[in-house]
Amino acid sequence: MSMSAAVSAQQPAHRWAIVLHGGAGVIERATMDAKTEAAYRASLTVALGAGAKVLDRGGSSLDAVEAAIKILEDDPLFNAGRGAVFTAEGKNELDSAIMDGATLNAGAVAGVTRTRHPISLARAVMEKSPHVMLMGGGADAFAAQAGLEQVDPSFFFTERRWESLVKQLKEEGLPIPARPTGAPPAPLQPVAEIEPPGAHKFGTVGVVALDKQGNIAAGTSTGGTQAKRWGRVGDSPIIGAGTYASNRSCAVSATGTGEYFIRLGVAREVCNLVYFKSMPVQKAVDEVIHKELEALHGDGGVIALTPDGQMAWSFNTPGMYRARQSEGGKVQVEIYADEP
Ligand code: ASP
């Protein structure tokens, strides 16, 4: 047995932990019906459970992050994968990133339109390419080469997001693009709004996880902001802004108006406070969200986790879909600011 194997064999197993978010926004009890609320809570619980299962059987934090995010990407309730918001041109352009806290390896993609699971593509960029970030058609081509499932862009279409786009474009006096090829025929009546208009401004998904080996990882996946134009890319796929993980400090995933998160380098900023100022991670996320982000009039939130198992979240919007669990602990699922 090598020296390092002997040392690691003596190390106590870490208690795993996982925290996830499904986006922050104007999510309020007064405007949320019971059925919608139950649907969100159920989806968050399923995704958390998938990640927790990976961790519990000794899987890596990276595997847990990917497993949970893939479920949220397939769930039309969230603005990631299927159910992503549309650009002003009527397309779904997806951004995602993943980072391994043990090695500082990272992978990210921006503006992909054909890869079913952008989080798996971000991971492939990290593990199977010499690069950190790929964009657009090239990223999708790499995904196909890496054997990741490719879909027609209409796979990501949802009526609810389409109607929401049309409404916003009308309000802004912008041209309405043609209904995407491959989308189902327009319904005779608008679909029942699953939530009140404007209730759900963001909806990005993100996961941070700690495995039994003591390694942390972070991942984020999003359709970005509705009616984005000109190839706009937000913070989610920017390492250090919307996503960051380092075993020496913490793992972070963000949601909110990406432009502010990029300018503040939010995810890395949180980790710097933990590392350089030895701040407890809850204090660090509160500092960045409630002081630095608010000073710029930015809005949104973050989840965070440290290698010693401290779990944290913070947001300055009325709500953020979120859930967490640590080994042996209860599943905690929350939506509004005043919970628990
Ligand atoms: N942060 C994402 C972006 O700006 C949006 C979101 O969190 O929903 O692209």
Side-chain angles (χ1 to χ4, degrees), residues 19-27 40 43-44 69 72-73 75-88 91-99 108-113 118-119 122 133 135-136 156 158 160-161 164-165 168 195 198-208 218-244 252-270 285 288-289 292-293 296-304 313-322 335:
V19 189
L20 63 80
H21 72 77
V26 186
I27 309 159
Y40 273 104
S43 288
L44 293 168
I69 291 187
L72 296 166
E73 285 177 338
D75 189 330
L77 286 179
F78 301 96
N79 172 21
R82 169 178 267 164
V85 297
F86 287 92
T87 66
K91 300 207 164 72
N92 301 112
E93 292 180 354
L94 312 170
D95 303 337
S96 183
I98 195 163
M99 186 158 184
V109 290
V112 299
T113 59
I119 190 68
M133 191 167 195
M135 54 83 68
F156 302 109
T158 51
R160 166 171 81 119
R161 297 291 192 198
S164 173
L165 171 76
Q168 181 177 341
E195 59 202 337
H200 188 165
K201 199 167 159 202
F202 307 120
T204 290
V205 306
V207 179
V208 291
T220 312
S221 187
T222 187
T225 48
Q226 179 167 282
K228 63 187 180 181
R229 292 198 275 172
W230 310 301
R232 180 262 187 196
V233 177
D235 60 311
S236 309
I238 311 279
I239 298 302
T243 308
Y244 194 75
V252 176
S253 171
T255 172
T257 305
E259 283 68 15
Y260 298 97
F261 285 71
I262 295 174
R263 289 157 65 200
L264 286 172
V266 161
R268 181 67 198 256
E269 180 81 341
V270 169
V285 292
V288 174
I289 296 301
E292 298 186 42
L293 185 66
L296 290 188
H297 306 292
D299 53 352
V302 291
I303 52 168
W313 49 45
S314 189
F315 50 98
N316 68 353
T317 47
M320 181 168 84
Y321 298 108
R322 60 201 190 276
I335 297 178

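Sequential numbering from 1 along the given sequence is applied to the chain's residues. Whatever order the structure lists ligands and atoms in, that order sets their numbers, starting from 1.
Of the polar atoms of Gly224, none of the N or O atoms is found under 3.5 Å from an N or O of ligand 1, judged by distance alone. Between Asp95 and ligand 1, no pair of N/O atoms sits closer than 3.5 Å. Checked by distance only, ligand 1 and Arg232 come closer than 3.5 Å through their nitrogen or oxygen atoms. For ligand 1, the polar-atom distance check against Thr204 finds a nitrogen or oxygen pair separated by under 3.5 Å. Of the N or O atoms in Glu259, none lie within a sub-3.5 Å distance of an N or O in ligand 1. For ligand 1, one of its N or O atoms has an N or O atom of Gly258 under 3.5 Å away.
Ring-centre distance between Phe86 and Phe156: not below the 6.0 Å cut-off.
Evaluated by nearest non-hydrogen atom to atom 3 (C) of ligand 1, the leading choice among Val233, Thr222, Val266, Asp235 is Asp235.
In this model, no donor atom of one side chain and acceptor atom of the other lie less than 3.5 Å apart for Thr113 and Glu93. Side chains of Glu73 and Ser221: a donor-acceptor N/O pair is present below 3.5 angstrom, by distance only. There is a side-chain donor-acceptor pair under 3.5 Å between Ser253 and Thr220.
Per-residue contacts place Ser236 under 4.0 angstrom from the following atoms of ligand 1 (heavy atoms of the residue considered): 1 (N), 2 (C).
Within the structure, ligand 1 has Gly203 among the residues with a heavy atom less than 4.0 angstrom away.
One distance of note links CD1 of Ile289 with CE of Met320; it measures 8.0 Å at 0.5 Å rounding.
The existence of a salt bridge linking Glu259 and Arg232 is confirmed by a sub-4.0 Å separation between a basic side-chain nitrogen and an acidic carboxylate oxygen.
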